[in-house]
Amino acid sequence: MMRTHLCGRLSAAEAGQEVTLTGWVNRRREHGDHLTFIDLRDFSGVTQCVINNDIDVRSEYVLAVSGTVTMRTEDTVNPDLATGQIELKDCTVEVLSKAEPPPFPLDDRADGVDELIRLRYRYLDLRRQRMQKNMRVRSAVNAAIRNAMERQDFVEVETPMLMPSTPEGAREFLVPSRQRPGAFYALPQSPQLYKQLLMVGGLDRYYQIARCLRDEDLRADRQYEFMQLDMEMSFAEVDDVLSAAEVGVMDAAEAATGVRPDPVPRITWQEAMERFGTDKPDLRFEVELVELTDVFASTGFKAFSSASSIKGINVVGGSADYGRNKLDGLTDVAKSFGAKGMVWLRVKTEDGAPTLESPVAKFLSEEEKTALISRLSGNEGDLLLIIADEWMTTCGVLGELRNRVARPPVSQGPYKYLWVTDFPLFVGVDAVTGRPKPGHHAFCHPHPADVDKLETDPMAVRAWAYDLVLNGWELGSGSIRIHDPALQRRVFAVLGIDEDEANRRFGFFLEPFRYGAPPHGGFAYGIDRLTAILAGEENIREVIAFPKPQSGLDPMTDSPTEVDAKQLAELGLRTTI
RNA sequence: GGUCCCGUAGUGCAGUCUGGAGUGCACGCCGCCCUGUCAAGGCGGAGGUCGCGAGUUCAAAUCUCGUCGGGACCGCCA
């Protein structure tokens with residue numbers, strides 16, 4: 001046994017005991033040849049060791065220190081240190097490893113260090129308290145989720161990493177086949193297809209902490225590879241899936257933060273869009289979109305009279321904060337999200353009555369101005385932002401503006417979970433085929449109340465599809481699946497996929513449904529995203545041991561790398577670079 | 001593919017707008033001093049391709065163009 005105790009867990013209770021600690025030199029304070037203090041650090045914390053002889057130990061040397069746990073004198077107690085009541089005296093020191101000085105400080109100051117440097121030396125970055133905490137939060141989240149799923153009779157099943165390419169959706173990573181040169185496996189974007197086959201296979205309830213891979217551009221909340229809690233359950237309705245998933249998320253949240261969140265509220269997609277202008281609303285702040293279309297039903301203002309949907313938000317007290325420069329900036333944002341423009345109005349008081357100051361004020365009637373102020377509850381100093389366009393654009397742009405003017409960092413403030421249900425079955429139209437595009441995926445069950453509109457008004461059909469949102473981040477999504485081949489054929493028909501094409505593209509997936517598929521549905525949520533928010537981080541890289549920067553190129557291992565010509569030849573590959 | 005921000009010593013920065021010798025700060029590092037510190041303290045020292053390449057200029061960290069790298073975002077992510 002190399003150590004008898006942990007650095008961070010010594011206390012007055014061990015006073016008088018001979019102990020051996022192991023760890024890294026966190027800091028050394030030298031007072032001459034006869035007195036040196038060493039703060040020895042392991043994952044649990046630090047203990048001060050008092051050295052009374054001349055030794056050469058530097059930062060990050062790895063030591064085994066044996067000594068006597070001794071109560072500190074009253075004037076030398078350090079109240080800022082968990083082990084500040086005691087210290088190790090009469091120490092003998094064994095140097096287990098020497099260390100070069102680290103390229104950046106391994107304390108909080110490294111929070112400001114260029115992330116590329118942290119990633120190049122990630123194994124040093126991981127020694128820091130912040131990263132130690134994040135890795136442990138992640139582990140606790142995983143354990144809590146696994147436990148919650150087991151408790152609910154879900155069965156953990158591993159699905160293949162090497163699977164057929166299915167060109168729908170995200171760009172895939174491909175793996176060349178040696179046995180069949182010129183052919184490729186794909187790495188899973190998600191275990192979607194397999195988990196439904198597990199339902200056909202009678203597993204009844206499946207879960208997996210699954211690695212998913214998508215070759216799309218990286219972001220603060222996106223990596224090439226990420227982890228999902230993936231689940232699927234048979235003989236389940238929407239409510240069953242949401243409830244079962246929620247248990248895992250709540251358990252994870254409680255494990256990470258010590259506080260169990262309240263039951264998660266549910267709103268429909270329609271309501272989310274109307275009130276917040278997004279399908280992933282951040283409920284931590286009050287601002288909501290206000291309907292104004294009727295106010296301007298007979299307006300003389302051209303920009304409004306030509307629009308089918310007019311909505312606004314009130315940036316309370318925002319007049320002073322938003323000068324012309326910032327308003328121009330918001331207008332640019334609005335345009336970049338598809339609006340033709342943005343109308344802003346400052347609420348002023350004139351002769352004791354509220355009035356509006358704006359470049360467009362002169363185009364509005366007194367009745368319209370009064371109604372506008374009243375609808376948006378405008379008070380002196382408020383800033384009103386109005387968008388007029390078709391409904392989707394109006395909502396989407398205002399949703400973006402709402403976030404721009406009021407949204408705190410994702411990691412800040414209370415945790416606001418939200419289920420968004422009844423997503424549309426189809427979103428937008430394929431530019432090539434002119435057919436509706438699936439909102440979630442092609443196997444998503446239409447809302448039974450809307451099934452008869454599949455052929456007549458497909459864009460109005462709601463789906464049994466739902467998202468889980470936390471502080472404005474999409475944590476995950478899922479749906480009830482189609483288990484009836486006849487209904488599946490109808491949905492395919494709307495998508496413009498005939499029987500031949502369906503068999504060609506999804507054959508191995510459709511055949512099983514001929515043999516008795518139970519009604520089933522599922523869900524998957526991102527563990528990196530959940531952990532990041534629960535750990536107070538704004539970036540999932542902070543809760544991933546070895547993440548990649550935005551370029552996707554690993555500064556530590558230098559991957560991706562070129563490979564031997566021999567390896568390529570074996571795979572029947574030749575590069576053209 | 002696009003927009004915006006950033007790049008100066010091991011690390012974090014100031015200097016860039018308004019061109020004038022690598023002018024500098026803090027931490028770290030090295031050496032010496034120091035018996036109660038805890039981000040110890042004191043003295044001294046080393047450490048620089050101002051990301052890279054062109055251009056303008058008598059003169060470029062500073063201005064221009066290009067390029068590379070990093071970050072945030074749009075597109076993309078069924």
Side-chain angles (χ1 to χ4, degrees), chain A residues 26-41 46-54 56 58-60 70 72-81 83-84 87 89 99-121 124 166-172 189-190 192-193 212-224 226 329 332-333 335-338 400 403-404 409 423 425-428 430 436-444 463 465 474 477-479 495 505-506 524 526 538-539 541 548-553 555:
Chain A
N26 197 51
R27 215 173 298 280
R28 147 193 77 126
R29 295 176 292 279
E30 242 183 315
H31 291 251
D33 291 347
H34 302 293
L35 178 65
T36 299
F37 299 101
I38 292 171
D39 291 338
L40 195 68
R41 179 195 75 235
V46 300
T47 283
Q48 172 166 281
C49 306
V50 185
I51 313 296
N52 289 117
N53 47 41
D54 182 23
D56 185 30
R58 312 274 169 135
S59 284
E60 300 306 313
T70 309
R72 295 200 196 184
T73 61
E74 213 169 290
D75 56 321
T76 60
V77 163
N78 183 350
D80 299 329
L81 201 61
T83 59
E87 60 192 0
K89 290 197 119 170
E100 292 176 21
F104 56 90
L106 300 186
D107 57 27
D108 290 349
R109 286 172 291 190
D111 292 345
V113 170
D114 187 336
E115 195 182 350
L116 196 68
I117 295 171
R118 291 176 55 206
L119 293 181
R120 183 173 297 141
Y121 301 94
L124 297 180
T166 50
E168 286 75 25
R171 187 182 297 115
E172 299 169 318
Q189 307 164 32
S190 82
Q192 181 65 39
L193 304 181
C212 306
L213 299 105
R214 296 178 186 173
D215 187 5
E216 301 287 353
D217 289 353
L218 276 38
R219 291 287 160 77
D221 59 354
R222 279 161 35 185
Q223 283 277 302
Y224 282 150
F226 59 100
D332 289 345
V333 169
K335 286 180 177 167
S336 74
F337 281 81
E400 182 63 27
N403 280 340
R404 297 277 175 145
F423 272 70
L425 188 62
F426 305 107
V427 173
D430 189 288
K437 293 188 292 187
H440 190 52
H441 56 59
F443 315 108
C444 190
E474 180 192 319
S477 58
S479 64
L495 295 170
R505 281 163 67 180
F506 311 111
E538 292 169 30
N539 188 313
R541 296 190 294 271
K548 289 176 176 57
Q550 207 164 63
S551 64
L553 312 177

Which part of the nucleic acid, if any, lies within reach of A:Gly84 when heavy atoms closer than 4.0 Å are counted: base, sugar-phosphate only, or nothing?
nothing
* Taking OP1 and OP2 of B:C73, is either one under 4.0 Å from a side-chain nitrogen or oxygen of A:Ser336? -> no
Can you give the donor-acceptor pairs under 3.5 Å from side chains of residues 108-115 of chain A to other protein atoms, not counting sequence neighbours?
| unit_1 | atom_1 | unit_2 | atom_2 | d |
| --- | --- | --- | --- | --- |
| A:Arg109 | NE | A:Asp107 | OD1 | 3.2 |
| A:Arg109 | NE | A:Asp107 | OD2 | 3.2 |
| A:Arg109 | NH2 | A:Asp107 | OD2 | 2.7 |
| A:Asp111 | OD1 | A:Arg128 | NH2 | 2.3 |
| A:Asp111 | OD1 | A:Arg130 | NH1 | 2.8 |
| A:Asp114 | OD1 | A:Leu116 | N | 3.0 |
| A:Glu115 | OE1 | A:Arg541 | NE | 3.4 |
| A:Glu115 | OE1 | A:Arg541 | NH2 | 3.0 |
| A:Glu115 | OE2 | A:Arg541 | NE | 2.6 |

From the candidates B:U37, B:C29, B:U35, the one with an atom nearest any side-chain atom of A:Ser59 is B:C29
TODO: Have a look at A:Asn539 and say if it touches a base, only the backbone sugar-phosphate, or nothing, with a 4.0 Å heavy-atom cut-off.
DONE: sugar-phosphate
Q) Does A:Lys548 make a side-chain donor-acceptor contact with the base of B:G71, cut-off 3.5 Å? A) no
Inset, instruction - For nucleotides B:A40 and B:A59, find the distance between their P atoms and express it as a whole number of Å. - result: 49 Å
What about A:Glu216, does its side chain sit under 3.5 Å from the base of B:G75 through a donor-acceptor pair? no
Taking B:U37, B:G75, B:G70 as options, the one with an atom nearest any side-chain atom of A:Arg72 is B:U37
- Base, sugar-phosphate, or nothing for A:Arg120, non-hydrogen atoms under 4.0 angstrom? nothing
_Applying a 4.0 Å non-hydrogen cut-off, can you work out what A:Gln192 is touching in the nucleic acid: base, sugar-phosphate, or nothing?_
base
Letter by letter from the 5' end, nucleotides 1-17 of chain B scores (B base, S sugar-phosphate only, - none; protein heavy atoms under 4.0 Å) B--------SSS-----
Is A:Arg222 side chain donor-acceptor paired with the B:C76 base, going by distance under 3.5 Å alone?
yes
Between B:G24 and B:C34, how far apart are the P atoms? Round to whole Å, please. 32 Å
query = So what does A:Glu87 touch, heavy atoms closer than 4.0 Å: a base, only the sugar-phosphate, or nothing?
reply = base
Original post:
Counting any heavy atom closer than 4.0 Å, what does A:Ala110 reach on the DNA or RNA strands: base, sugar-phosphate only, or nothing?
Top reply: nothing
Remember a base hit wins even if backbone is also touched, and classify A:Lys89 as base, sugar-phosphate or nothing at under 4.0 Å, heavy atoms. base
A correct 5'-to-3' footprint of nucleotides 40-46 of chain B, with B, S and - meaning base, sugar-phosphate only and no protein heavy atom under 4.0 Å, is B------
query: Between A:Arg58 and B:G28, is there a side-chain N or O to OP1/OP2 distance below 4.0 Å?
result: no
Over all strands shown, is A:Thr36 touching base, sugar-phosphate only, or nothing at heavy-atom distances under 4.0 angstrom? nothing
